[in-house]
A.B. asks: 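Here it is: the structure, laid out below.
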Amino acid sequence: SSGEHTRHRLNRGGNRALNALLHRIALVQLRCSGEAQASVAKRLADHKTPREAIRCLKRYIARAVFRAWKPCTLPPLDEITVPLI
């Protein structure tokens with residue numbers, strides 16, 4: 001037992017292919033990007049474990065991907081004024 005540590009654990013379920021892709025992106029970013037390396041180094045300096053530091057990086061990447069994807073979605077059908085046919 002690690003004593004008094006209480007950690008928030010994310011749900012490991014969901015889209016496993018997407019989670020695996022995010023993990024690969026995080027590892028490549030960690031190897032190639034100075035910004036990602038600095039972020040993980042900061043987390044490690046804050047006494048996080050390497051797994052927790054990479055988990056934080058994956059959340060950062062997921063948020064960035066979602067922000068880039070969100071404007072690409074179609075509006076609801078009731079907001080479309082142009083005929084679809």
Side-chain angles (χ1 to χ4, degrees):
S1 175
S2 59
E4 297 285 328
H5 291 271
T6 56
R7 291 184 172 89
H8 175 68
R9 297 290 184 209
L10 299 176
N11 183 359
R12 292 178 49 106
N15 189 337
R16 298 306 302 152
L18 184 58
N19 288 339
L21 180 64
L22 283 174
H23 183 73
R24 285 187 206 109
I25 291 170
L27 293 182
V28 170
Q29 289 287 316
L30 188 56
R31 187 173 61 228
C32 301
S33 170
E35 183 178 332
Q37 291 169 357
S39 173
V40 170
K42 180 181 176 232
R43 297 288 185 270
L44 293 174
D46 291 342
H47 303 292
K48 302 272 188 203
T49 66
R51 279 181 83 172
E52 289 173 322
I54 291 174
R55 189 180 302 122
C56 292
L57 179 62
K58 285 166 63 175
R59 280 197 306 266
Y60 180 82
I61 292 168
R63 285 187 208 114
V65 168
F66 184 76
R67 278 194 305 269
W69 170 77
K70 192 173 179 181
C72 298
T73 59
L74 292 173
L77 287 176
D78 59 347
E79 293 181 14
I80 297 176
T81 57
V82 180
L84 296 177
I85 299 175

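Sequence positions, counted from 1, serve as the residue numbers for this chain.
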A.B. asks: Return the NE2 to CG distance between His23 and Leu57, rounded to the nearest 0.5 Å.
C.D. replies: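 Here the interatomic distance stands at 10.5 Å.
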
A.B. asks: Given Ile54, which of Arg51, Glu52, Lys58 fulfils the side-chain contact (heavy atoms from CB on, under 4.5 Å) condition?
C.D. replies: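 Answer to the side-chain contact (heavy atoms from CB on, under 4.5 Å) test with Ile54 among Arg51, Glu52, Lys58: Lys58.
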
A.B. asks: Output side-chain donor-acceptor pairs under 3.5 Å for residues 27-35, partner residues at least two apart or in another chain, one line each.
C.D. replies:
| residue | atom | partner | partner atom | Å |
| --- | --- | --- | --- | --- |
| Ser33 | OG | Glu35 | N | 3.3 |
| Ser33 | OG | Ala36 | N | 3.3 |
| Glu35 | OE2 | Tyr60 | OH | 3.3 |

A.B. asks: Might you point out which heavy atoms bring Ala53 and Leu44 nearest each other, and give the distance in Å?
C.D. replies: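 Shortest heavy-atom contact: CB-CD2, 4.2 Å.
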
A.B. asks: Which residues satisfy the side-chain contact (heavy atoms from CB on, under 4.5 Å) test with Arg24, sequence neighbours excluded?
C.D. replies: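 Checked Arg24 against side-chain contact (heavy atoms from CB on, under 4.5 Å); matches are Ala20.
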
A.B. asks: I'd like to know if the side chain of Asp46 reaches the main chain of Lys48, judged simply by a donor and an acceptor atom lying under 3.5 Å from each other, with no hydrogens or angles considered.
C.D. replies: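 It does not hold such a pair.
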
A.B. asks: If hydrophobic residues (ILVMFWY) are linked whenever their side-chain heavy atoms come closer than 4.5 Å, directly or via other members, who joins Trp69 in its cluster?
C.D. replies: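 Result for Trp69 is Phe66.
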
